[in-house]
Amino acid sequence: MSTGNEQDVIERIYVVVGQVPPGKVTTYGEVATIVGGGSDARFVGQALGMLGDRASKVPWQRVLSRGGVISTYGGNQRELLGAEGIEFDEKGKVPMDRFRWSGPEKEWAEQHGFQTLPSRGGDKKEEDKSQLSLL
DNA sequence: ATGCTGACTAACA
DNA sequence: TTGTTAGCCAGCA
């Protein structure tokens, strides 16, 4: 089964990105973690780059780089996010502490064969160990 | 096959 | 703080 899963992985990426609710954002790395094998932060970026017509179906604009930085150029990503209520600081970054997507629900992730995010807690104090990766 | 590139990230200086 | 290095996976010359 390690053959030509790329396309399948890409579809999974789109599914995960589609789970990000309006007004929330995530990062390439987080998406890659949820999708799991065969994907990495960079591959997520490539997958979103080949969206084409599906760009209107997948909320690709809610996927940012590490730290809430927009990695796209010459696009209207920031404008789209602003229309959803996302705020930016003076540096043009999104305060992830407030707008970060907590990831898919554990049940949903398990049903679809995805993984939940490792605990990062928006605050660096409360670590909820309920999301143990049991591998 | 080898090497470089890319909507990335973490570690190190 | 910024800049560089290395790791990562897939596509292409």
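Just the heavy atoms: all of them, side chains too, but no hydrogens, waters or symmetry mates, feed the values below. Below, chain A is the first sequence line, B the second, and so on; all start at residue 1.
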Report task. Could you please spell out the steps behind the side-chain contact (heavy atoms from CB on, under 4.5 Å) verdict for A/Lys24 and A/Glu84? Result -> CA-CA 8 Å; A/Lys24 292 287 183 180; A/Glu84 296 185 354; over 6 Å; no

Query raised in the report: So what does A/Gly38 hit on the nucleic acid, given a heavy-atom distance under 4.0 Å: a base, only sugar-phosphate, or nothing?
Result: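 It contacts sugar-phosphate atoms only.
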
Requested in this report: Select base, sugar-phosphate, or nothing to describe what A/Gly49 touches, counting heavy atoms under 4.0 Å on all strands.
Outcome: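 If one applies the 4.0 Å heavy-atom cut-off, A/Gly49 turns out to touch a base.
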
What is the distance, to the nearest angstrom, from the [atom1] atom on [X] to the [atom2] atom on [N]?
X: A/Lys93; N: B/dT9; atom1: NZ; atom2: C1'; answer: 14 Å
X: A/Leu48; N: B/dC8; atom1: CG; atom2: P; answer: 10 Å
X: A/Asp8; N: C/dA10; atom1: CG; atom2: C1'; answer: 15 Å
X: A/Ile13; N: C/dA10; atom1: CD1; atom2: P; answer: 10 Å
X: A/Met50; N: B/dG6; atom1: CE; atom2: P; answer: 15 Å
X: A/Asn76; N: B/dA7; atom1: CG; atom2: C1'; answer: 13 Å
X: A/Arg42; N: B/dT9; atom1: CZ; atom2: C1'; answer: 9 Å

Query raised in the report: Which residue lies toward the 5' end of DNA chain C, A/Lys91 or A/Ile10, if each is placed at its nearest nucleotide?
Result: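 Upstream on the strand: A/Lys91.
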
Counting heavy atoms from C-beta on, name the nucleotide in [options] closest to the side chain of [X].
X: A/Phe43; options: C/dA10, B/dG6, B/dT9; answer: C/dA10
X: A/Asp40; options: C/dA10, B/dC8, C/dC8; answer: C/dC8
X: A/Gln46; options: B/dA7, B/dG6, B/dC8; answer: B/dG6
X: A/Arg66; options: C/dC9, B/dA7, B/dT9; answer: B/dT9
X: A/Trp60; options: B/dG6, C/dA10, B/dA7; answer: B/dA7

Query raised in the report: Side-chain contact, heavy-atom cut-off 4.5 Å: A/Arg12 with A/Val35?
Result: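 With C-beta onward as the side chain, the pair touches.
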
Report task. May I ask you to test the A/Leu48-A/Tyr28 pair for a side-chain heavy-atom distance under 4.5 Å? Result ->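 They are in contact (side-chain heavy atoms under 4.5 Å apart), so the answer is yes.
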
Requested in this report: Determine the Euclidean distance between corresponding C1' atoms of C/dA13 and B/dA7; express it in Å to zero decimal places.
Outcome: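 To the nearest whole Å, 22 Å.
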
Query - Ion pair A/Arg98/A/Glu87, N-O distance below 4.0 Å - result: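 Yes.
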
Query raised in the report: Checking A/Arg78 against A/Phe88: charged group under 6.0 Å from the ring centre and within 45 degrees of the axis?
Result: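 Pair A/Arg78/A/Phe88 counts as cation-pi.
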
